[in-house]
Protein chains: 2
Amino acid sequence: MVFMERVRPFSQVLERLRSVGLRPTRQRMALAKLLFDGDDRHVTAEMLHSEAVKSRVRVSLATVYNTLHQFTDAGLLREVVVDIGRSYFDTNIKDHHHFFHEQTKQLEDIADDRIEIGALPPPPAGTEVSRVDVIVRVRENNN
Amino acid sequence: MVFMERVRPFSQVLERLRSVGLRPTRQRMALAKLLFDGDDRHVTAEMLHSEAVKSRVRVSLATVYNTLHQFTDAGLLREVVVDIGRSYFDTNIKDHHHFFHEQTKQLEDIADDRIEIGALPPPPAGTEVSRVDVIVRVRENNN
DNA sequence: GTGTTTGCAAAGTGTTTGCAATTTA
DNA sequence: TAAATTGCAAACACTTTGCAAACAC
């Protein structure tokens, strides 16, 4: 039972895919397990692909890209833009913000309630807010 | 005299380049005029290059990239990352945040004092904050 | 069986780089 | 004329696309 909490049971991943209308193919199941088992994470397509290859999952990079976008469209992932030419996908889909480590290019969550944004100005006429991203860029300090 | 206020005098652009230790070449002078004459703006390399070409300034795209980065390093511009695979450069170097129009991919300034960030969490151990970016992503609403 | 998904390779996009030719001081 | 800058073309990193083969239902 303790074990079952730790490794997300097969049927749960399967159910998650079914619930958003995606066929539970071998590739999607494997990628979903890598993404959603365990703690929240921030991955790029390349990272997830090489991780898949390492764990002997046969999947192409193109399929990893497709899958990440399908998961994002389905609301299972959130895309985060912090660095030119590189897309991060965050398994944490709750409202929250990020530290971005400029040197290591690592993303780190900030719990939403740690940042207060008071008095957001009204969006330009004819538009509505789709999302507010706060990126706290950090760098190694010299201590 | 009124005219002189409107079009930034030659010597002012020249002085600006000199003051950051960049040789005032024909290309840099022309790009600086396009960037810093008139209101604040958000440009991509491609945008600035085609604008230069349109105003009969002979300059290569590679030089536009180099120049934008040199200006950024010199503190004359600020790079803004909001969209994968596309860098924006902002002539407004004061602290401020942005609206990003997801459909038109347009950036728009928000004056700094319009956004209150209270209680920023402490940065991860060993790091210091280099910058805080707030991106308010907006989209066309259906009214 | 039929429609969906996959993998490959090719193409696309935005950016950077190496280096000879040109320009600046 | 010595050092900095430019422009070209090639290389680059990441992402998307077209399409035939494989797969899910």
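Small disclaimer: the values here were computed from a predicted structure and weren't measured. Quick note on labels: first sequence line is chain A, next is B, and so on, each numbered from 1. As a basis for the values below, the full set of heavy atoms in this structure was taken, side chains included, without hydrogen atoms, waters or symmetry mates.
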Reading nucleotides 16-25 of chain D from 5' to 3' and marking B where a protein heavy atom lies under 4.0 Å of the base, S where only the sugar-phosphate is that close, and - otherwise, the string is BB------BS

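With sequence neighbours excluded, the residues that form a side-chain contact (heavy atoms from CB on, under 4.5 Å) with A:N92 are A:D40, A:D90, A:K94, A:H96, A:D109. When the side-chain contact (heavy atoms from CB on, under 4.5 Å) test is applied to A:E128, the partners found at least two apart in sequence or on another chain are B:R139, B:N141, B:N142. Checked against side-chain contact (heavy atoms from CB on, under 4.5 Å), B:D73 has no partners two or more places apart in sequence or in another chain.
Residue B:M29 contributes atom CE, which lies 17 Å from atom P of C:dT23 at whole-angstrom precision. Residue B:R28 contributes atom CZ, which lies 14 Å from atom C1' of D:dG7 at whole-angstrom precision. Across the protein-nucleic acid pair, B:D83 atom CG and C:dT15 atom P stand 10 Å apart, rounded to whole Å. One atom, CZ of A:F89, and another, P of D:dT15, lie 7 Å apart when rounded to the nearest Å. In this structure, B:L48 atom CG and C:dT15 atom C1' are separated by 15 Å, rounded to whole Å. Taking atom CG on B:L22 and atom P on D:dA4, their separation rounds to 12 Å, with Å as the unit. If you take OH of A:Y88 and C1' of D:dT15, they are 15 Å apart, rounded to a whole angstrom. The distance between atom CE of B:M47 and atom P of C:dG14, rounded to the nearest whole Å, is 12 Å.
Between the side chains of B:E140 and B:H101, at least one donor-acceptor pair of N or O atoms lies under 3.5 Å.
Annotation: side chain of B:R18 is in contact with side chain of B:E15 (closest heavy-atom distance under 4.5 Å). Using a 4.5 Å cut-off on side-chain heavy atoms (C-beta onward), A:D133 and B:R137 make contact.
OP1 and OP2 of C:dT23 both lie 4.0 Å or more from every side-chain N or O belonging to B:Q27. At least one side-chain nitrogen or oxygen of B:S60 sits closer than 4.0 Å to the OP1 or OP2 atom of D:dG7.
Of the candidates D:dT15, C:dT6, C:dG14, the closest approach to any side-chain atom of A:S87 belongs to D:dT15. Among the nucleotides D:dT5, D:dC14, D:dG7, the one closest to any side-chain atom of B:V59 is D:dG7.
Across B:P121 and A:I115, no two heavy atoms sit closer than the pair CD-CG1, 3.7 Å.
In DNA chain D, the stems built from three or more successive Watson-Crick or G-U pairs (distances below 3.5 Å) are C:1-25 with D:1-25.
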Which pairs would a plain distance check flag for residues 25-32 of chain A, meaning a side-chain donor or acceptor within less than 3.5 Å of a matching protein atom at least two apart in sequence or in another chain?
residue : atom : partner : partner atom : Å
A:T25   : OG1  : A:R28   : N            : 3.2
A:R26   : NH1  : A:R58   : O            : 2.9
A:R26   : NH2  : A:R58   : O            : 3.4
A:R28   : NE   : A:Q70   : OE1          : 3.3
A:R28   : NH1  : A:R23   : O            : 2.9
A:R28   : NH2  : A:Q70   : OE1          : 3.4

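Centroid-to-centroid, the aromatic rings of A:H49 and A:Y65 stay 6.0 Å apart or farther.
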